[in-house]
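Remarks on the structure that follows.
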Amino acid sequence: MATESEKAEVKEMIQSFYQFANILPVWDGEVNDDVAAVFGTMIAETRTCSDAFGWVPKPAGGRATVSWVVRQLGRGVFNAFRARLSFTCARAVIYKWRTALELASMGVAMKKVPKWA
Amino acid sequence: MGVRAIRATSALLMSVWLQQCAAGEVRLERGAWPEAMACEACVNFQFGELAMRLPLRLIGRFFVAGSEASAVHLLAPGAANGKNSAVFLSTTRAAYIGKYQALGLPSVNAMGGEAFFDLLGEPAQRDSPFHAIRRIEGIDAAEHYLKTSKGRLHAYWVQTAPDTSQYLHLVVDGSDTIYTVAGTITSQLYGALLGGMTSEPQP
């Protein structure tokens, strides 16, 4: 079970991703494991346009959780590697997944769960 | 609490309530399709079946990541990076609308792209799936939600404050694809994108 502190850390990462990509308004939803799964998929999808997060391993079961995101990318690691993304890469990925992120935040599970690439 | 304090609190609550009502009242507005502009320095650009003639004074560069071809970025002349790009994206109608079935939307087979985006233009009751979809699609926060049509083409501009992300959705009658331009969309770019737009077979 994710702690409030872990959820806050994941929210900071997602918001930092939006700010980096200059996509406003910045996402401001509630973090849960579905949100973490979508965010994990977004990180994986950056591999189609950047090597910045190529080192991140697949999560067990192919689906990221809040705790997994914090373990892999917490304590400033996400921001350090985020800076290696191109703006175009970050923007394209966020625009593709922003509605899935909103739905996940509302507690609506998508029929087709995003999978790690 | 004194009478003044009660009045001030009531006025504040009323103001907040009115703002909340206004935020949910954005309705579909219909406008004329932008006129094609005479263009001496233009480039032909086609994304899927959308063919355009874009002026070089507005487009400095097209960018497609080598390994990822489903997004095309339009960069303004002189742009050092893609931080303010407008991005062309596309997806199937089933994927775009179908994800909202989890909110209670009827079968995607029962709703075409034009019907879906038209319905987004009507303020919805709290128990309607469109109440949430309008929020997710940014309609509630928009300044205007503008529809314009030309022949088989229908364009929907979610026009938000200038410093926020804009969305221009395009549907083509008889096509199963939904196109979206997201990012920095100025009025000039909007006019340029639509002005000379036609629906063409993919070459």
Side-chain angles (χ1 to χ4, degrees), chain A residues 15-30 32 34-35 37-38 41-54 82-115 117, chain B residues 61-75 79-92 94-105 108 129 131-138 140-142 160-169 178 180-184:
Chain A
Q15 293 190 324
S16 149
F17 195 25
Y18 272 66
Q19 282 158 355
F20 172 77
N22 195 30
I23 293 180
L24 301 170
V26 164
W27 180 81
D28 192 28
E30 295 289 322
N32 55 37
D34 287 338
V35 165
V38 176
T41 302
M42 292 164 84
I43 295 298
E45 189 148 325
T46 64
R47 293 173 176 176
T48 62
C49 45
S50 168
D51 294 330
F53 290 102
R82 178 211 66 183
R84 299 184 187 180
L85 287 172
S86 66
F87 294 116
T88 51
C89 183
R91 284 167 76 79
V93 169
I94 292 174
Y95 281 132
K96 278 184 196 170
W97 289 97
R98 69 186 178 91
T99 53
L101 202 59
E102 291 285 353
L103 283 167
S105 174
M106 293 165 65
V108 177
M110 295 177 70
K111 275 187 179 171
K112 192 177 171 186
V113 178
K115 289 273 186 196
Chain B
R61 206 176 350 166
F62 295 100
F63 175 76
V64 181
S67 54
E68 193 256 357
S70 61
V72 178
H73 298 260
L74 310 184
L75 279 68
N81 57 50
K83 203 166 183 175
N84 290 303
S85 68
V87 193
F88 264 92
L89 300 161
S90 67
T91 188
T92 62
Y96 197 101
I97 301 174
K99 64 178 177 274
Y100 292 125
Q101 281 184 259
L103 290 173
L105 203 65
V108 69
H131 184 80
I133 300 171
R134 276 170 58 90
R135 191 178 65 73
I136 293 169
E137 292 284 342
D140 282 345
T160 54
D163 58 343
T164 58
S165 289
Q166 312 269 325
Y167 298 94
L168 175 63
H169 303 291
I178 289 177
T180 298
V181 187
T184 305

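Residue numbering restarts at 1 for every chain, and letters A, B, ... go by the order of the sequence lines. Being a predicted model, the structure only gives us computed values, none of them experimental. No hydrogens, no waters, no symmetry mates; every other heavy atom, side chains included, goes into these values.
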Is there a donor in the side chain of A:Tyr95 and an acceptor in the side chain of B:Ser165, or the other way round, less than 3.5 Å apart? yes
Could you tell me whether the side chain of B:Thr184 reaches within less than 4.5 Å of the side chain of A:Asn22, counting heavy atoms only? no
As an exercise: rank B:Leu75, B:Asn81, B:Val87, B:Thr91 by heavy-atom pairs under 4.5 Å with chain A and give me the winner. B:Asn81
Smallest separation among heavy atoms of B:Ile136 and A:Leu103, with atom names: CD1-CD2, 3.7 Å
Proximal component of B:Thr180, with respect to chain A [non-hydrogen, under 4.5 Å]: neither
Proximal component of B:Asn84, with respect to chain A [non-hydrogen, under 4.5 Å]: both
Can you name the closest pair of heavy atoms from B:Gly183 and A:Arg91 and give their distance? CA-NH2, 3.6 Å
Just wondering, do B:Glu137 and A:Glu102 contact through their side chains at under 4.5 Å, heavy atoms? no
Taking the side chain as C-beta and beyond, is there a heavy-atom pair between B:Lys99 and A:Val108 under 4.5 Å? no
Smallest separation among heavy atoms of A:Phe87 and B:Gly82, with atom names: CB-C, 3.8 Å
Hey, could you give me the CD1/NZ distance between A:Ile23 and B:Lys83, rounded to the nearest 0.5 Å? 11.5 Å
Within a radius of less than 6.0 Å around CD of A:Glu30, do more than 12 heavy atoms belonging to other residues, nucleotides or ligands occur? no
What part of A:Ser86 gets within 4.5 angstrom of chain B, counting heavy atoms only: side chain, backbone, both, or neither? neither
Atom SG of A:Cys49 and atom CZ of B:Phe63: how far apart are they, to the nearest 0.5 Å? 8.0 Å
